[in-house]
Amino acid sequence: MSDLAWAGRHPDDIRRCVRAIVARVAGRESDELSPAARLQEDLNVDSLEFLYALQEIEGHLPVTIDVDGAARSVTLGDLEDLVVRRLLDE
């Protein structure tokens, strides 16, 4: 199964998809990334790349992400948790 495949509303599937998208945007492999990785400092994801990642997440998952809320995500884990909450609360 591709990391971008979303089989359902299981949090691990959602996190795996978000991680794969961020890895692709950051030019890394998914298995290199940990939830503690800081998006800007560790992964060098700039603001345009971050917006692109959000757009990709919305394209792969049935979720709408508030950019201002997402901007408070410092780590990959923060972003994964935000997307999981948004999907499971809807």
Side-chain angles (χ1 to χ4, degrees):
M1 177 171 89
S2 165
D3 285 339
L4 293 178
W6 185 63
R9 291 186 179 263
H10 192 278
D12 289 343
D13 293 336
I14 298 166
R15 285 185 178 92
R16 190 174 14 263
C17 184
V18 171
R19 185 169 298 157
I21 290 168
V22 171
R24 190 171 59 202
V25 168
R28 308 277 183 102
E29 295 293 324
S30 292
D31 58 358
E32 293 177 24
L33 305 185
S34 80
R38 295 171 298 174
L39 296 168
Q40 289 182 334
E41 292 85 353
D42 299 330
L43 302 178
N44 298 317
V45 174
D46 66 25
S47 58
L48 288 177
E49 291 168 329
F50 184 72
L51 291 174
Y52 177 73
L54 295 181
Q55 185 178 36
E56 286 291 300
I57 291 167
E58 290 180 339
H60 282 89
L61 299 172
V63 65
T64 301
I65 302 169
D66 173 53
V67 175
D68 292 332
R72 291 190 287 274
S73 297
V74 174
T75 66
L76 174 59
D78 293 340
L79 183 58
E80 290 172 349
D81 291 344
L82 172 73
V83 176
V84 166
R85 281 193 312 274
R86 292 286 300 150
L87 274 169
L88 298 182
D89 286 346
E90 290 184 346

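Numbers here are sequence positions counted from 1.
Evaluation of the side-chain contact (heavy atoms from CB on, under 4.5 Å) rule for Thr75 yields Arg38, Asp78 as partners, not counting sequence neighbours. Judged as a side-chain contact (heavy atoms from CB on, under 4.5 Å), and not counting sequence neighbours, the contacts of Glu32 are Arg28, Glu29.
The residues Asp81 and Arg15 are annotated as salt-bridged, a charged nitrogen and a carboxylate oxygen being separated by less than 4.0 angstrom.
Considering every non-hydrogen atom in both Ser30 and Ala20, the closest pair reads OG-CA, 3.2 Å. Minimum heavy-atom separation, Ile65 to Glu58: N-OE2, 2.6 Å.
Here the CG-CD1 distance, from Leu61 to Ile21, works out to 6.0 Å after rounding to the nearest 0.5 Å. Note: Asp12 CG to Glu80 CD = 9.5 Å, rounded to the nearest 0.5 Å. Expressed to the nearest 0.5 Å, how far CD1 of Ile57 lies from CZ of Arg86 amounts to 12.5 Å. Separation of atoms CZ (Arg16) and CZ (Arg19) is listed at 9.0 Å; rounding is to 0.5 Å.
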Item to complete: Mind running side-chain contact (heavy atoms from CB on, under 4.5 Å) on Leu79 and Leu54 for me, showing each step along the way?
Response: CA-CA 9 Å; Leu79 183 58; Leu54 295 181; 3.9 Å; yes
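Within 6.0 Å of the CD atom in Gln40, the count of heavy atoms belonging to other residues, nucleotides or ligands does not exceed 12.
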Only distances under 3.5 Å count here; give the side-chain donor-acceptor pairs of residues 43-52 to other protein atoms, sequence neighbours excluded, each with its distance to 0.1 Å.
{"unit_1": "Asp46", "atom_1": "OD1", "unit_2": "Leu48", "atom_2": "N", "d": "3.1"}
{"unit_1": "Asp46", "atom_1": "OD1", "unit_2": "Glu49", "atom_2": "N", "d": "2.8"}
{"unit_1": "Glu49", "atom_1": "OE1", "unit_2": "Asp46", "atom_2": "N", "d": "2.9"}
{"unit_1": "Tyr52", "atom_1": "OH", "unit_2": "Glu56", "atom_2": "OE2", "d": "3.4"}

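For the pair Ser34 and Leu76, the minimum side-chain heavy-atom distance is 4.5 Å or more.
Cluster membership check: Leu88 shares its hydrophobic cluster with Val18, using side-chain heavy-atom separations under 4.5 Å among Ile, Leu, Val, Met, Phe, Trp and Tyr.
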